[in-house]
Amino acid sequence: DTEVTQTPKHLVMGMTNKKSLKCEQHMGHRAMYWYKQKAKKPPELMFVYSYEKLSINESVPSRFSPECPNSSLLNLHLHALQPEDSALYLCASSLGTGGSSNEGQFFGPGTRLTVL
Amino acid sequence: GQNIDQPTEMTATEGAIVQINCTYQTSGFNGLFWYQQHAGEAPTFLSYNVLDGLEEKGRFSSFLSRSKGYSYLLLKELQMKDSASYLCAVRDNTNAGKSTFGDGTTLTVKP
């Protein structure tokens, strides 16, 4: 299995809703990432988990709450979002976070989020 | 911090060769990645360079010069399906796991 899966593919939510994005990989990767991508812009790093521990939080607002239940799963809990949070949310994984010849990140297809 | 520059757009002809350049300034370097992203899809990992020199993978090659803060992605025998955005990303050694992406180069391949 060489892919990263994400659910749902599309999500529309109101500003008072609570929802969760899910990401799964079975490649034995120990690093997992959440990115936010706006149209015609590069992915913007939000969080990094390394060995199931949060290693990087890029000053993301608390209305985004990540969770890593185990080495294969990564969730992003959403609460009280704003319309400007509408974007493509990408999950990625890599073997690790250090320097190595094969440590490119493998991206999931993303969840397209619209906040009304 | 990181500062990464790539051309915004490039156009090339099917069957030709195109070189996409990336220059970077970083406080600590721990590898450079190239990704391909088709419109509406997720990025796909293409190549990784951490030492100076050329890495070849089929029609795609990537070059790195750490002393110059410079990399390029070389695409040979261009196909229409190569039309996509190409993202250069630099990983630093001060914040493990963090790669900063350039704004991407949109390549259009014409018949």
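A continuous path of hydrophobic side-chain contacts links B:V90 to B:W34 [ILVMFWY only; heavy atoms under 4.5 Å]. In terms of hydrophobic clustering, with Ile, Leu, Val, Met, Phe, Trp and Tyr side chains grouped at heavy-atom distances under 4.5 Å, A:L88 and A:W34 are assigned to different clusters. Two different hydrophobic clusters hold A:L74 and A:L95 under the rule that ILVMFWY side chains link at heavy-atom gaps under 4.5 Å. Using a 4.5 Å cut-off between side-chain heavy atoms of Ile, Leu, Val, Met, Phe, Trp and Tyr, with links allowed through other members, A:V4 and A:L113 fall into different hydrophobic clusters. The hydrophobic clustering, which links ILVMFWY residues whose side-chain heavy atoms are closer than 4.5 Å, places B:L74 and B:L107 apart.
Separation of atoms CD (A:E44) and OG1 (B:T100) is listed at 10.5 Å; rounding is to 0.5 Å. Annotation: the span from B:Y48 atom OH to A:S94 atom OG amounts to 10.5 Å, rounded to 0.5 Å. Taking OH from A:Y35 and CZ from B:F101, the interatomic distance works out to 4.5 Å, rounded to the nearest 0.5 Å. A distance of 7.0 Å separates CG of A:L90 from CD of B:Q37, quoted to the nearest 0.5 Å.
Only the backbone of A:P109 comes within contact range of chain B, with heavy atoms under 4.5 Å apart. With a 4.5 Å cut-off on non-hydrogen atoms, A:Q37 touches chain B through its side chain but not through its backbone.
Proximity of a side-chain donor or acceptor of A:Y33 to a complementary backbone N or O of B:K98 within less than 3.5 Å is not detected.
Shown here is B:Q19, whose CD atom has more than 12 heavy atoms of other residues, nucleotides or ligands within 6.0 Å. By the neighbour-count criterion of 12 heavy atoms within 6.0 Å, atom NZ of A:K40 is sparsely surrounded, having that number or fewer from other residues, nucleotides or ligands.
The candidate with the highest count of non-hydrogen atom pairs below 4.5 Å against chain A, out of B:P43, B:A42, B:G31, is B:P43.
Contact detail for B:G102 and A:P42: the closest heavy-atom pair is O-CB, 3.1 Å.
Residues B:Y35 and A:F107 place their aromatic rings such that the two centres sit under 6.0 Å apart.
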